[in-house]
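Read the structure below first, then the notes.
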Amino acid sequence: MSQSINPFEMAQKQFDSVARQMNLDPSIAEILRWPIREYSFRIPVRMDDGSIRVFQGFRVQHNDARGPNKGGIRFHPAETFDTVRALAMWMTWKCAVADLPLGGGKGGVVVDPSTLSLREKEELCRGWVRAMWKNLGPRTDVPAPDVGTTSLMMGWMMDEYSKLVGQYTPGVFTGKPIGSGGSLGRTEATGFGVIYTVREAMKHLGIDPTKSVAAIEGFGNVAQYAALGFVDILGGRVACVSCWDHRAKKAFTYSHKDGVDPHFLMTIVDEYGTIDREKAEQAGYIVEDGGAWIAKEADVLIPAAIEGHINAETVKLMSKRVRIIAEGANGPVTPEADEYLKQNGIFDIPDFLCNAGGVTCSYFEQVQNDMNFYWSKDEILKRLDEKITSAFHDVLETSLERKAYMRDAAYIVAITRVVNAMELRGWLTGSF
Ligand code: GLU
């Protein structure tokens, strides 16, 4: 995480600038620039060595005008109230831009999950639910996986909640394992969603996907399926992936003279997105410093790690060939870098549009949980493609009509929908 940028200030800055462009009533803006509710709690866990360690937990509910709060839980050592606030706010815009009947929320725990045993992780997950369960529910607030959390963890959390309320309640968490209320396609959904937006951007810009090259930052869930989709769905080449190595405590960039093979790399990556460096080198991969990815000759950059990595300094390292930035991560581009992209005519697909595939499939998961009837993977990926493609075109149309930068256009679409829901519910005449 970049030390210099406070993500919540960045989220508010982006919002304020669009609110001004839209002439949004300042009192409505004041509601939206802060979360409606915030929870901070301590989670004691009995560790394997018999000691007790106390973890800091958070949940932030930004806005629920359009439906239950929705958004993941991150387990990250640099988590703060402000990172969670920013991410919760972005979830409100993400659900609105994808036109899902959901609001925005986010949770977190200050922890490096790679330092915990499986049992300790389970205790921490169950402890998080015991602290928050009264404020969660399929009609209230529905968490999901994010950086540092997995589908297995969502299964434990759903189980803990179900025990506490005394009935099986699969719709309270999404991203659960298949066979325990999870949806087919959820694992692929965020990365494939990124690729659907890249495909539409390429059509708009007249770029041939089969002649295109991508450089990807990250190799966690989003980056893995974005890489796979770039090769298998678009027929393009992936020049490199860069990933955090939790053993070396630094990032490395992996490239290969024939382009990286995401299928192979997915066989040598662990659950935290760390590639086995030795095995990669044996297979002919070139390993460089983690920052090298951004300077690779590529048409498309896909930052799919964490926030603030394309900033005032790194943006200038980008190759002149780059035409599209597809924000797989939440908040990867800082406002200073945004200015550079605008001035250089680079087409940016903003995070809350680009990576909306995950929450869209989460919504499908909830619908299936509610019906207790499950769709096939083909059906889900088809619906996902339709939803993401239509969201992309809603934003593109607004961007062309108003001559607005894509991020600003996405904000305009999202804010308009949220304010409309607030208005229709009577919130703007005083009944909150
Ligand atoms: N954590 C993911 C995101 O940032 C998914 C959220 C969800 O499925 O609720 O979009």
Side-chain angles (χ1 to χ4, degrees), residues 7 11 58-64 66-76 79 83-109 136-138 140-151 153-155 157-158 170-177 181-183 185-194 196-197 218 220-226 273 303-307 326-332 349-369 380 384 387-388 391 410 414:
F58 303 106
R59 183 75 182 168
V60 172
Q61 298 171 345
H62 175 260
N63 185 285
D64 57 2
R66 287 175 52 88
N69 297 100
K70 185 83 193 82
I73 305 173
R74 298 206 312 183
F75 281 10
H76 196 280
E79 204 68 291
T83 56
V84 185
R85 284 184 178 121
L87 291 156
M89 189 172 180
W90 284 324
M91 283 309 302
T92 301
W93 314 135
K94 191 179 301 188
C95 293
V97 95
D99 208 7
L100 307 177
L102 297 168
K106 203 78 172 198
V109 175
L136 303 176
T140 321
D141 185 358
V142 186
D146 202 289
V147 172
T149 50
T150 60
S151 106
M153 295 180 183
M154 295 306 117
M157 288 175 148
M158 179 278 284
V172 65
F173 282 88
T174 59
K176 300 179 294 296
S183 172
R186 179 65 184 82
T187 312
E188 296 87 346
T190 317
F192 280 10
V194 168
Y196 300 149
T197 65
N221 169 265
V222 181
Q224 286 174 28
Y225 287 95
I306 56 171
E307 60 271 16
E327 300 183 11
N330 292 313
I349 311 171
D351 49 3
F352 63 85
L353 168 65
C354 189
N355 69 35
V359 73
T360 301
C361 195
S362 276
Y363 165 61
F364 296 157
E365 182 174 330
Q366 270 204 299
V367 171
Q368 295 170 85
N369 290 157
I380 289 160
L384 182 70
K387 251 340 208 165
I388 296 297

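Predicted, not measured: the structure shown is a model, and the values here were computed from it. Basis for what follows: all heavy atoms, side chains included, without hydrogens, waters or symmetry-related copies. Indexing begins at 1, ligand by ligand and atom by atom, following the structure's order.
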- Query: Residues two or more places apart in sequence or in another chain: which of them pass side-chain contact (heavy atoms from CB on, under 4.5 Å) with A304?
  - Reply: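 Scan of A304 (side-chain contact (heavy atoms from CB on, under 4.5 Å), adjacent residues dropped) gives V222, A223, I302.
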
Between ligand 1 and the protein, tabulate every N or O atom pair separated by less than 3.5 Å, reporting distance only.
unit_1   : atom_1 : unit_2 : atom_2 : d
ligand 1 : 1 (N)  : P145   : O      : 2.9
ligand 1 : 1 (N)  : D146   : OD2    : 2.7
ligand 1 : 4 (O)  : K94    : NZ     : 3.0
ligand 1 : 4 (O)  : K106   : NZ     : 2.9
ligand 1 : 4 (O)  : D146   : OD2    : 3.3
ligand 1 : 4 (O)  : N330   : ND2    : 3.2
ligand 1 : 8 (O)  : R186   : NH2    : 3.0
ligand 1 : 8 (O)  : S362   : OG     : 2.5
ligand 1 : 9 (O)  : K70    : NZ     : 2.7
ligand 1 : 10 (O) : K94    : NZ     : 2.7

- Mind checking what makes salt bridge (charged side-chain N to carboxylate O under 4.0 Å, His left out) contact with R66, not counting sequence neighbours?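 R66: salt bridge (charged side-chain N to carboxylate O under 4.0 Å, His left out) contacts with D99.
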
- Would you check if W93 and H62 make a side-chain contact, meaning some heavy-atom pair closer than 4.5 Å?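 In contact.
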
- Message: Do E79 and V109 make a side-chain contact, defined as non-hydrogen atoms from C-beta onward lying under 4.5 Å apart?
- Response: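 Not touching, per the 4.5 Å side-chain cut-off.
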
- Query: Taking only residues two or more places apart in sequence or in another chain, which ones pass side-chain hydrogen bond (donor to acceptor under 3.5 Å, both in side chains) with R85?
  - Reply: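 side-chain hydrogen bond (donor to acceptor under 3.5 Å, both in side chains) check on R85 returns E38, D82.
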
- Any side-chain donor-acceptor pair under 3.5 Å between K70 and T174?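 Yes, T174 and K70 have a side-chain donor paired with an acceptor closer than 3.5 Å.
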
